[in-house]
2 protein chains.
Amino acid sequence: MALLDVVALADGPMRFTDILSLADQPRGTLHRQLSHLVEEGLLEIDRDGRYLIGLRLLTLASRSWARNEFRAVAEPHLHRLQEETSETVHLGILRGAEVIYLDKVEGRQSVRMYSQIGNASPAYCTGVGKAALSALGDPELAARVAALEFRRYTEHTLRNAAELLSDISAIRARGYAFDLEEHESGICCVAAPIRSDDGHMLAGVSVTGPAYRVTPQKLQAWAPLTVAAADSIMMDMRNRMGPKR
Amino acid sequence: MALLDVVALADGPMRFTDILSLADQPRGTLHRQLSHLVEEGLLEIDRDGRYLIGLRLLTLASRSWARNEFRAVAEPHLHRLQEETSETVHLGILRGAEVIYLDKVEGRQSVRMYSQIGNASPAYCTGVGKAALSALGDPELAARVAALEFRRYTEHTLRNAAELLSDISAIRARGYAFDLEEHESGICCVAAPIRSDDGHMLAGVSVTGPAYRVTPQKLQAWAPLTVAAADSIMMDMRNRMGPKR
DNA sequence: GCAATAGTTCCATTATTCGGAACAAAATTT
DNA sequence: AAATTTTGTTCCGAATAATGGAACTATTGC
């Protein structure tokens with residue numbers, strides 16, 4: 001898995017030696033491990049002998065994505081929210097201190113459509129992430145925040161734990177989060193938290209758009225819609241899950 | 001990997017015992033293997049103790065997809081073809097006797113947008129698949145066809161190797177393939193083959209639409225556009241790859 | 001409350017991986 | 001073009017980790 005990560009994180013196909021320098025393992029060992037991964041279809045070798053991620057992962061991921069219950073339940077609500085706002089809607093799920101985007105619904109041009117799905121971003125500088133964090137209990141929140149390193153993606157990115165915790169208490173008070181160009185310059189969003197009954201799974205929905213089009217007033221106006229969508233998703237999940245447990 | 005496949009192929013989360021009955025392994029062994037997969041994030045356990053595919057795969061797949069060179073090169077051509085025809089355009093790559101869809105560009109409604117990406121379908125009953133097969137040399141083609149089992153997805157699905165080979169020689173003669181409701185009832189397409197210089201990688205582009213809207217005449221009219229798109233992709237790949245090798 | 005089923009842990013045996021070294025093939029330099 | 005360095009591949013005894021039967025615990029259904 002460490003090798004898979006190395007290859008997946010690279011910008012392009014990697015030669016044997018490139019991998020060798022990143023994974024600190026003897027050459028013989030590395031060679032055998034790579035061969036096994038290739039056998040399994042997790043890696044592939046191009047005609048220049050360079051390694052890249054195999055298609056098998058795409059197939060596996062696609063199947064599990066399509067059958068993901070939470071995603072399926074949320075889908076109609078995401079579409080409705082998209083139509084109400086005519087901006088891009090995201091569904092993200094909290095994993096540790098990261099948000100993984102599970103779905104995305106765009107308006108007209110579906111350029112770069114898959115770009116976000118599956119993408120992992122730091123929770124502290126995304127709307128969905130902060131919304132999800134706000135649903136954590138204080139001890140758990142403190143633990144996750146303690147482990148964070150704050151990187152400044154833009155000039156508006158929160159700088160430290162204090163700023164984050166203060167923002168989170170504001171989010172708790174009003175019930176929704178803003179991201180005002182904190183992760184990407186020129187991109188703003190409103191987001192609302194989704195929590196499962198047992199509090200085990202935390203997620204969020206957001207409405208995102210370019211700052212020139214999406215004014216603070218608009219974000220404010222969309223907040224109730226976003227919260228409503230999040231609540232509907234929670235309700236549907238509860239109904240779906242209820243009977244079993 | 002066998003376990004991952006079992007879990008990924010299931011319709012929903014699987015209990016320990018469900019997996020036990022499919023994977024023939026002693027309980028102790030299976031339990032430990034599942035635990036390792038969970039540790040690595042390849043599997044996850046829901047609150048009912050059932051196993052499902054982990055998000056890590058989605059993240060890995062997403063990264064490699066976004067950086068896939070072939071996909072990136074093809075993308076603008078797919079968009080152009082989509083605009084020219086205003087129907088859905090697919091890019092698929094041949095793996096053995098299967099086609100794996102690498103990209104999809106839709107018109108207005110982007111419902112089920114990711115549904116196809118990463119999906120593997122039999123080559124013999126899809127436009128892209130037959131187009132790609134037609135670019136194989138005869139010995140290689142014979143070998144791959146010999147291993148096929150022909151399942152009848154619709155009443156138009158090709159029934160056996162003879163029908164397939166005959167269709168393929170027609171495809172070779174005219175340079176493009178049709179799928180007339182052979183995989184899914186009510187769905188037709190035209191497809192053109194893409195071959196890399198060394199013939200190592202085979203792929204295809206297709207224009208797909210519902211039979212009531214997409215008449216044979218239209219398919220015929222789109223054929224040259226599809227072939228042109230495939231050729232442009234081939235050219236771009238050649239230029240991109242050329243300098244290096 | 002009790003049986004049956006489901007899930008988890010343990011540990012001696014067994015099988016696999018490890019990694020150094022030798023070997024082979026390219027790429028680079030002289 | 002030959003020599004040298006860099007890169008990629010194979011081999012095999014030693015070290016390590018996986019195996020799977022059995023014992024144990026927890027959960028479910030009657």
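In the text below, chain A, chain B and the rest are named by the order of the sequence lines, each starting its count at 1. Worth saying up front: this structure is predicted, and the values here are computed from it rather than measured.
Proximity of H31(B) to the phosphate of dT8(C): a side-chain N or O atom is located under 4.0 Å from OP1 or OP2. R27(A) has no side-chain polar atom (N or O) that falls below the 4.0 Å cut-off from OP1 or OP2 of dG19(C). Residue R32(A) places at least one side-chain N or O closer than 4.0 Å to OP1 or OP2 of dC18(C). Note on Q33(A): a side-chain N or O is less than 4.0 Å away from OP1 or OP2 of dC18(C). Between T17(B) and dG7(C) there is a side-chain N or O to OP1 or OP2 distance below 4.0 Å.
The pair R15(B)-D46(B) does not meet the salt-bridge criterion, since no charged nitrogen lies less than 4.0 angstrom from a carboxylate oxygen. By the 4.0 Å N-to-carboxylate-O rule, R50(A) lies too far from E44(A) to be salt-bridged with it. Ion pairing between a basic and an acidic side chain is recognised when a charged N comes within 4.0 Å of a carboxylate O; K130(B) and D179(B) show no such pairing.
Residue D48(B) contributes atom CG, which lies 15 Å from atom C1' of dA26(D) at whole-angstrom precision. Atom CE of M1(B) and atom P of dA18(D) are 17 Å apart (whole Å). Between I45(B) atom CD1 and dA6(C) atom P the separation is 17 Å, expressed in whole Å. Atom P of nucleotide dG7(C) and atom CG of D46(B) are separated by 12 Å, given to the nearest angstrom. One atom, CZ of F16(A), and another, C1' of dT9(D), lie 8 Å apart when rounded to the nearest Å. In this entry the distance linking CZ of R15(A) with C1' of dT6(D) reads 10 Å, nearest Å. One interatomic measurement links the two molecules: CZ of R50(A) to C1' of dA27(C), which rounds to 16 Å at whole-angstrom precision. Rounded to whole Å, atom C1' of dT19(D) lies 15 Å from atom CG of L34(B).
From L58(B), atom CG reaches atom CG of N68(A) across 9.0 Å, with rounding to the nearest 0.5 Å.
The backbone N or O of G118(B) sits less than 3.5 Å from a side-chain atom of T59(A), completing a donor-acceptor pair.
Contacts of T29(B) with the nucleic acid, taken as non-hydrogen atoms under 4.0 Å apart, include base atoms.
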